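Note that the structure is predicted; figures quoted are calculated from it, not measured. Numbers restart at 1 for each chain; the letters A, B, ... are given by sequence-line order, proteins then strands.
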Amino acid sequence: MEQKTGKLYMINGPVVKADNTSSFMMHEVVRVGKIGLIGEIISLEDDRATIQIYEETTGLKIGEPVRSSGKLLSVMLGPGMIGNVYDGIQRPLEVLRNRSGDFLKRGVEVLPIDFKHEWDTEILIKDGDTVKPGQIIATVDETSSFTHRIMIPPGVSGTVNNVRTSGRYTVDTVIAEIDDGGDKYNLTMFQNWPVRTPRPYKKRLAVDEPLITGQRVIDTFFPLNKGGAACIPGGFGTGKTILQHQFAKWSDADVIVYIGCGERGNEMTEVLEEFPELKDPRNGKPLMERTILIANTSNMPVSAREASIYTGVTIAEYFRDMGYHVAVMADSTSRWAEALREISGRLEEMPAEEGFPPYLSSRLADFYERAGKVSALGNESLGSVSIIGAVSPPGGDFSEPVTTHTKRFTRCFWALDKSLANARHYPAINWLTSYSENIGDVKEWYSKTVSRDFFKLRNEALALLNEDDRLQQIIKLVGEDVLPDDQKLTVRAASLIKIGFLQQNSYSKVDCFASLNKQYKMLKIMLVFYEKARELISLGVAISEILKGSILNTLMRMKEEVSNDNVEKITAIGKELESFCMALKKKYSGKPDNM
Amino acid sequence: MPVKEYIGLSKIDGPLIFIKKVKNISYNEVVEITYKGSSRFGQVVMLSNDTAVIQVFQGTEGLSIDKTSIRFLGRPLEIKLSEDILGRTFNGIGMPIDEGSRIIRGEYRDINGEPINPASRMYPRNYIETGVSAIDLLMTVVRGQKLPIFSGNGLPHNRLAVQITRQARIKGEERGRFAIVFAAMGIKHDSARYILSSFEESGALKNVVTFLNLADDPTIERIATPRVALTAAEYLAFEKGMHVLVIMTDMTNYCEALRELSTARGEVPSRKGYPGYLYSDLASMYERAGMIKGKKGSITQLPILSMPNDDITHPIPDLTGYITEGQIVLDRDLYRKGVYPPINILLSLSRLMKDSIGEGYTRLDHPHVYSQLFAAYSRVHEVRALASIIGEEELIDLDKMYMKFGKAFEEEFITQGEDENRAMEETLDIAWKVLGYLPKEELTRISRDEIERFYNKRED
């Protein structure tokens, strides 16, 4: 192919312009300048192109060449991605490090997946078979806990010939030839896909199953569905990143794609050092064996930050198409929106709210709509992509554009609260302003899997917390002392739920993950306590008598003292509670009659 | 490469000059601008066809359109580095301004540096004992961390920064290869003198590299100052294996210079007129803190910024807080009460401390005591709000205990002398003493064993 070359005529930070580019494609990848910086075409007019560059542009000169690649900005998909750390445009950072040292150099081109590694491949097709897009034709055990299913790329079908037998192959080995009556297609184990185009599927399905995260406030109060999207807004220091790490560690997804978009380098390092050590609670394998990291830290070029969330979600869709449940954590989408704004500003576009471009909301919608549960193309297996997007609103103000628009396209809203965080109540999810629109969809699943009264308990607890909020207003004005005993009890029971249930210590070995069963039993016994205590108070028992016993303290410490595999202990605590109440009842009910 | 020289400009606009009909100029290149025998420096910030836009570090005052000559130096802004920079003082763009000679030996480094590959970073785990109780227990500083001090005009941020610098030490390690890089941006002469003289008193001056851009120095030069300083720090840390503490003050002045420049360039402003890329720009400096696998040195940053109007939601502290690993917030009310250091505990935070405290690092009860103090002190604030309405006498007994605890916490725990250097054990013991005002049952965040071991009820 003849290589097309344009010429630079303007340079302004990460945005450059070139002319002589009439044959270039929109969103095509180009190499800019003698040094070969990687860029993408973002607008075309006559024979002039505007290009955003994914690397520092220092040293570029007017008149330097811009070379076409003939490809859209794409990711390479195939075995060898799991456990990798990529930058925003899918360059593996370990390989870059071996190539150019501890600091990122410019103009380096590396392959996203290792072409040298030979994979143990089991081929599932034979000569003469007809294949269609999405069909699984081979499997590779990529890690000890993850099987990579090789699929026919979308848009390819026909009869296969020269199929290889099962054996050890590199990803670029031609394992079969596909004849669609005209052209021949050489089938390898990898495929490319443009990041800005959602991968096709057969049908979108209803989302009716929760993504279990092991975080009580999420699973019990505001569940997210497999295939759903959630928004976590929170000012700095409210614990967005820690919460995202918790999801990455404990969610019951098959594959985790963690996108660190414009965030701190040390936090990515923490994930890198910690994940290989942690065990997946479901199978005991290292968590890294199901995780892909995309790290475009805040000091890395801003355009690659813009690309990183597309790179991440495209990788997620690829695994979805194999029939896996994938969870994507994007931390933080505000940085992505700011990258949009920065580039838009350099293009001298007319700004909308707060300098963000007018297309911010449609870009957000496009991104969050890539979440979903689908029946996959060609193989009809069920797969899902769930997206959890952190938002960093300036000044913690939720009325800013990124938060408000994200809210429109996500059905779970987990609002992080500064005052909770200041009191070190973590996760600092505000139970009054957060919501999940998924409750109706997952009700059935919960009553089948956990217990019939699960949502009844949840609603009771929420009502209690709401009532407590009303009482707190009064307490702020006149103090707790003037409340009647039954209201005092409400305040104490709400505080039990807040401290003993909603607060969860992500650094504690026992408390970091709570099984659904433990969550259910904990909540149940707390509400039983509330009910029994109310009954006692109506009998005239003083609240101080109830608070004096050690039972309240035991309930508070349940989260730490009862492990997931020893939930039966809660039954014993229930007995203790029972006898405590009985004793009080006896003591009091005896009195009036005798006097 | 031949140096290109042109005479005559096409336009002068604020800190920017425009020059036409130039060829073969590269983006971010440094230029030397000469007019009537005196010279100043600038940098190419935009190229379009044959026009170059140049920002002039020392300002454009006194330049003329026809007689100004421009030499393009064919390289980005660089600083010459060797170990000889220790103990020296430079201006905001890295030229010596003390009596010493020029740096003769050495290598040139681009002041913009390169981003550290996240895969090469090492997670910081060595805590630094500062001898300041509030910091050591509640927002432990870790080597390789970036922890800014959010302050306001008239608050003692400089005194605190000096105290930290003087007392900082790593347990069980010789002081050894330790250096301070001090970058001043637009601060007053007396503040700079106070900081430098206290370095001198502590005998550390020979290990200090100073970059001074004072209040009356050119504004645009400030844009280069932190970058020059961090380039020097990177050299000392990752080439020479030193542990470098970088103090940058005042970041607010830096951001204002950036806003001035951005406005002059006619860019679309975002919040409060600051450019939309303020986050990326700040990140490109703050993220230069850290440690690298296989290298001995480290860069710890202690930037100081004054919050305009004490407003923590102002874009500068806000964006800084999103990038740095926590913050130390100073509080005017506490300062008025006579508390030094006036650290607002509830707003302050260290994100990296969790892996550097507790058993094997500090003491096993540290994480729980930390959590308990925050919870209890936050309760104190609620109780105080209530007491101001109904009067302290009307409070229930438990709330009265919290009032007592709050007072002791501020007066015995947070308050300490400027020369008082408390060891970690001592700090933890004071914390337990203060917690003694609360009944045992209230300490829900501390394990039963630890209460057994350390708790003593206080009756006074």
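- With a 4.5 Å cut-off on non-hydrogen atoms, B:Met122 touches chain A through its backbone and its side chain both.
- Taken to the nearest 0.5 Å, the CG atom of A:Asp481 stands 8.5 Å off from the CG atom of B:Asp399.
- In this structure, chain B has a heavy atom under 4.5 Å from the side chain of A:Pro351, while its backbone stays farther away.
- With a 4.5 Å cut-off on non-hydrogen atoms, B:Gln327 touches chain A through its side chain but not through its backbone.
- Closest heavy-atom contact between A:Ile11 and A:Ile62: CD1-N, 4.0 Å.
- Applying the 6.0 Å contact sphere to CD of A:Glu348 captures no more than 12 heavy atoms from other residues, nucleotides or ligands.
- Look at A:Asp102 and B:Lys293 and you find no salt bridge, because none of the NZ, NE, NH1 or NH2 atoms lies under 4.0 Å from a carboxylate O.
- Looking at B:Ser447, the atoms closer than 4.5 Å to chain A (heavy atoms on both sides) all sit in the backbone: N, CA, C or O.
- In terms of heavy-atom pairs under 4.5 Å with chain A, the best-connected choice from B:Glu441, B:Arg265, B:Lys354, B:Gln145 is B:Lys354.
- Per-residue heavy-atom pair counts under 4.5 Å with chain B were compared for A:Gly500, A:Ser550, A:Ala295, A:Gly395, and the maximum is reached by A:Gly395.
- Residue A:Leu293: no heavy atom, backbone or side chain, is found under 4.5 Å from chain B.
- At a 4.5 Å heavy-atom cutoff, the contact between A:Val302 and chain B is made by side-chain atoms alone.
- Here the CD-CZ distance, from A:Glu338 to A:Phe356, works out to 5.5 Å after rounding to the nearest 0.5 Å.
- If you measure heavy-atom distances from B:Thr324 to chain A, the contacts under 4.5 Å come from the backbone alone.
- In this structure, the portion of B:Pro76 lying under 4.5 Å from any heavy atom of chain A is its side chain and not its backbone.
- Counting heavy-atom pairs closer than 4.5 Å to chain A, the top-ranked of the candidates B:Arg379, B:Glu382, B:Arg351 is B:Arg351.
- Annotation for A:Gln473: atom CD counts as buried by contact number, over 12 foreign heavy atoms lying within 6.0 Å.
- For A:Leu272, the part lying near chain B is the side chain, with the backbone staying farther off; criterion is any non-hydrogen pair under 4.5 Å.
- Among B:Leu47, B:Ile116, B:Asn28, the residue making the largest number of heavy-atom pairs under 4.5 Å with chain A is B:Leu47.
- The contact between A:Arg557 and chain B is made entirely by side chain atoms (from C-beta outward), counting heavy-atom distances below 4.5 Å.
- With respect to chain A, the highest number of heavy-atom pairs below 4.5 Å among B:Gly290, B:Ala385, B:Ser371, B:Pro124 belongs to B:Pro124.
- Residue contact with chain A, scored on non-hydrogen atoms closer than 4.5 Å, involves the side chain of B:Tyr279 exclusively.
- Within a 6.0 Å sphere centred on NZ of A:Lys7, heavy atoms belonging to other residues, nucleotides or ligands number 12 at most.
- Both the backbone and the side chain of A:Glu270 come within contact range of chain B, each with at least one heavy atom under 4.5 Å from a heavy atom of that chain.
- Residue A:Thr554 holds its OG1 atom at 7.5 Å from CD of A:Glu561, rounded to the nearest 0.5 Å.
- Contact count versus chain B (heavy atoms, under 4.5 Å) is highest, among A:Ala423, A:Gly59, A:Ser100, A:Gly239, for A:Gly59.
- For B:Tyr370, the part lying near chain A is the side chain, with the backbone staying farther off; criterion is any non-hydrogen pair under 4.5 Å.
- Contacts with chain A were tallied for B:Gly276, B:Ala376, B:Ala387, B:Ser48; B:Ser48 has the most, counting heavy-atom pairs under 4.5 Å.
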Review point. Going through the checks in order, is the side-chain contact (heavy atoms from CB on, under 4.5 Å) test met by B:Met307 and B:His314?
Key: CA-CA 7 Å; B:Met307 299 182 277; B:His314 184 281; 5.8 Å; no

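- Interface remark: A:Glu267 contributes side-chain atoms only to the contact with chain B (heavy atom separation under 4.5 Å).
- For chain A, the nearby part of B:Lys146 is the side chain; its heavy atoms alone come within less than 4.5 Å.
- Here A:Glu263 pairs with nothing under the side-chain hydrogen bond (donor to acceptor under 3.5 Å, both in side chains) rule; sequence neighbours left out.
- In terms of heavy-atom proximity, B:Arg445 sits nearest to B:His368 at O-CB, 3.4 Å.
- Around the CZ atom of A:Arg97, the shell of radius 6.0 Å holds more than 12 heavy atoms that belong to other residues, nucleotides or ligands.
- If you take CG on B:Leu346 and CG on B:Leu349, they are separated by 11.5 Å, rounding to the nearest 0.5 Å.
- Residue contact with chain B, scored on non-hydrogen atoms closer than 4.5 Å, involves the side chain of A:Arg305 exclusively.
- At a 4.5 Å heavy-atom cutoff, the contact between A:Glu342 and chain B is made by side-chain atoms alone.
- Comparing A:Leu477, A:Asn553, A:Asn505 by how many heavy-atom pairs each has under 4.5 Å with chain B, the most go to A:Leu477.
- For the options B:Ile25, B:Val45, B:Asp281, heavy-atom pairs under 4.5 Å to chain A are most numerous at B:Ile25.
- Looking at B:Pro275, there are no atoms closer than 4.5 Å to chain A (heavy atoms on both sides), in backbone or side chain.
- Between A:Gly265 and A:Thr297, the closest heavy-atom pair is CA-CG2, 3.5 Å.
- In this structure, chain A has a heavy atom under 4.5 Å from the side chain of B:Asp355, while its backbone stays farther away.
- Interface residue B:Arg121: backbone and side-chain heavy atoms are both found under 4.5 Å from chain A.
- Neither the backbone nor the side chain of A:Pro14 comes within less than 4.5 Å of any heavy atom in chain B.
- Geometric assessment of A:Arg346 against the ring of B:Tyr277 yields a positive cation-pi assignment under the 6.0 Å and 45° thresholds.
- Of the two parts of B:Ile323, the backbone and the side chain both hold a non-hydrogen atom closer than 4.5 Å to a non-hydrogen atom of chain A.
- For A:Arg264, the parts lying under 4.5 angstrom from a heavy atom of chain B are both the backbone and the side chain.
- In this structure, chain B has no heavy atom under 4.5 Å from any part of A:Glu274.
- The contact between B:Phe238 and chain A is made entirely by side chain atoms (from C-beta outward), counting heavy-atom distances below 4.5 Å.
- Using a 4.5 Å cut-off between heavy atoms, B:Leu373 makes no contact with chain A at all.
- A:Lys240 is linked by a salt bridge (charged side-chain N to carboxylate O under 4.0 Å, His left out) to nothing, counting only residues two or more places apart in sequence or in another chain.
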Exercise for review: Verify side-chain contact (heavy atoms from CB on, under 4.5 Å) between B:Ser350 and B:Glu325, making sure each step is shown before the conclusion.
Suggested key: CA-CA 6 Å; B:Ser350 161; B:Glu325 285 130 356; over 6 Å; no

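- Other residues, nucleotides and ligands contribute over 12 non-hydrogen atoms within 6.0 Å of the CD atom of A:Glu273.
- A salt bridge is absent between B:Arg109 and B:Glu78; no separation between the charged side-chain nitrogens and carboxylate oxygens falls under 4.0 Å.
- Ranked by heavy-atom pairs shorter than 4.5 Å toward chain B, the options A:Glu354, A:Lys105, A:Glu480 are led by A:Lys105.
- The distance from the NZ atom of A:Lys498 to the NE2 atom of A:His425 is 8.5 Å, given to the nearest 0.5 Å.
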